[in-house]
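Input: a single structure, listed below in structure tokens.
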Amino acid sequence: NKTAGGDATLTLKATGNISINANITSTAGALHLDVLSDTNHRAGGNISVADGVQIKTRGGNVKLGGGLTENGIGFANSPNTGISGIDLGSATISTTSWSGDGNIEMAGSTTTAAAGVKLAGTQIDVGAGKITIVGKSQSGKGIELNAAAAIEADDVELRTDSLTLDGTISDPGIPGNTAQIRTLTDGKTINFGTGSGGLDLAGDTFTSTGKIRNFYKNTVGDASKAANINAGGVTAGSDLAIDSGAGTLTVGGAVNVAT
């Protein structure tokens with residue numbers, strides 16, 4: 001617990017796994033938190049945060065990653081069956097502060113059928129900050145948010161080739177906010193409102209009753225990443241951009257965008 005002084009950084013490193021089973025908090029100054037597993041990239045190493053743990057940085061940034069580096073991204077990587085690269089239980093993570101809100105970045109991968117990044121009841125609040133989640137799995141979901149997980153952020157970016165989105169991601173009402181979902185790998189498929197077997201999104205994902213809510217601009221795909229996007233039966237509650245980059249975009253049904 002940081003109780004005095006100005007801004008500071010806490011760095012946790014291991015050549016293997018990192019388990020956070022106790023609170024990490026600050027009541028004086030911003031506490032930046034860097035957690036890096038599998039630093040020698042030999043036998044793998046995941047990051048886990050136990051149920052009930054509180055991480056409150058008072059405006060500090062949080063970065064969860066590891067030593068498996070691909071395309072400039074350092075992943076916390078799990079080679080063990082059933083274990084996610086980043087496994088967050090029903091913990092609370094907050095980077096908010098009256099003096100400015102921090103950002104969160106996390107990148108997790110697995111060479112098994114587990115999720116690359118798993119949020120199981122996790123409550124995350126970055127206020128006016130941004131959260132970026134990058135997830136990769138050999139045969140499971142790259143990112144998984146269960147129904148009890150909730151994220152509140154001004155900006156959000158999800159990068160993965162497969163996704164389970166049962167939890168909610170919402171904006172706290174700050175103008176100019178954005179939400180983006182894009183593939184991690186060139187040539188992958190995004191099914192938006194139609195189809196399955198790729199990065200699959202419900203047609204109502206970006207509505208007030210969908211899983212990603214209240215963002216000013218919503219983007220599926222990215223100009224820098226080739227994706228084959230199938231769209232149909234889509235409704236968005238605010239601005240929507242669909243960008244297949246150097247891939248193909250097929251609109252096979254209605255796409256409705258509210259004003």
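Each residue takes its place number in the sequence, starting with 1.
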Is there a donor in the side chain of [X] and an acceptor in the side chain of [Y], or the other way round, less than 3.5 Å apart?
{"X": "D161", "Y": "T185", "value": "yes"}
{"X": "N146", "Y": "D166", "value": "no"}
{"X": "S94", "Y": "D125", "value": "no"}
{"X": "N228", "Y": "T248", "value": "yes"}
{"X": "S224", "Y": "D222", "value": "yes"}
{"X": "D155", "Y": "T178", "value": "yes"}
{"X": "N61", "Y": "T95", "value": "no"}

Have a look at E157 and tell me which of I131, T132, T219 forms a side chain to side chain contact (heavy atoms under 4.5 Å, CB included) with it.
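Output: one option passes, namely T132.
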
Which pair of heavy atoms, one from [X] and one from [Y], lies closest together, and at what distance?
{"X": "A107", "Y": "V117", "result": "C-CG2, 4.4 Å"}
{"X": "T122", "Y": "L88", "result": "OG1-O, 3.0 Å"}
{"X": "T110", "Y": "S78", "result": "OG1-O, 3.0 Å"}
{"X": "K141", "Y": "L163", "result": "CD-N, 3.9 Å"}
{"X": "G198", "Y": "D200", "result": "N-OD1, 3.1 Å"}
{"X": "G44", "Y": "P79", "result": "CA-CD, 4.1 Å"}

[X] with [Y], same ILVMFWY side-chain cluster at under 4.5 Å:
{"X": "V62", "Y": "F75", "value": "no"}
{"X": "V134", "Y": "I18", "value": "no"}
{"X": "I242", "Y": "V156", "value": "yes"}
{"X": "I86", "Y": "L36", "value": "no"}
{"X": "L64", "Y": "L31", "value": "yes"}

Considering residues, nucleotides and ligands other than N40, do more than 12 of their heavy atoms fall under 6.0 Å from its CG?
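Counting neighbours around CG of N40, more than 12 heavy atoms of other residues, nucleotides or ligands fall under 6.0 Å, so yes.
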
More than 12 heavy atoms of other residues, nucleotides or ligands under 6.0 Å from NZ of K2: is that the case?
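It does: K2 NZ has more than 12 such atoms within range.
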
Donor-acceptor pair, side chain of [X] and main chain of [Y], under 3.5 angstrom:
{"X": "D186", "Y": "A226", "value": "yes"}
{"X": "T57", "Y": "H32", "value": "no"}
{"X": "K130", "Y": "A153", "value": "no"}
{"X": "N218", "Y": "D239", "value": "yes"}
{"X": "T205", "Y": "I212", "value": "no"}
{"X": "S137", "Y": "A114", "value": "yes"}
{"X": "Q180", "Y": "G221", "value": "yes"}
{"X": "N214", "Y": "S170", "value": "no"}
{"X": "Q123", "Y": "A148", "value": "yes"}
{"X": "N177", "Y": "I174", "value": "yes"}

So [Y] and [X], do their side chains get closer than 4.5 Å, heavy atoms only?
{"X": "I47", "Y": "L12", "result": "no"}
{"X": "F215", "Y": "I169", "result": "yes"}
{"X": "L240", "Y": "F192", "result": "yes"}
{"X": "D101", "Y": "D154", "result": "no"}
{"X": "I151", "Y": "I133", "result": "yes"}

T160 and L199: side-chain contact (heavy atoms from CB on, under 4.5 Å), yes or no, with the steps?
CA-CA 8 Å; T160 185; L199 174 50; 4.1 Å; yes

Partner set under side-chain hydrogen bond (donor to acceptor under 3.5 Å, both in side chains) for Q54, not counting sequence neighbours:
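With neighbours one apart ignored, the set is K56.
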
Evaluation steps, side-chain contact (heavy atoms from CB on, under 4.5 Å), between L68 and K136
CA-CA 12 Å; L68 175 61; K136 181 178 181 180; over 6 Å; no

Verify side-chain contact (heavy atoms from CB on, under 4.5 Å) between N46 and S37, making sure each step is shown before the conclusion.
CA-CA 6 Å; N46 82 311; S37 65; 5.7 Å; no

Nearest-0.5 Å distance that lies between atom CG in L33 and atom CD1 in I24:
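Answer rounded to 0.5 Å: 5.0 Å.
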
Could you work out, with salt bridge (charged side-chain N to carboxylate O under 4.0 Å, His left out) as the rule, every residue matching R58, not counting sequence neighbours?
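So R58 forms no salt bridge (charged side-chain N to carboxylate O under 4.0 Å, His left out) with any residue.
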
Between S208 and R213, does a side-chain contact (heavy atoms from CB on, under 4.5 Å) hold up when you go through it step by step?
CA-CA 5 Å; S208 60; R213 306 171 180 174; 5.7 Å; no

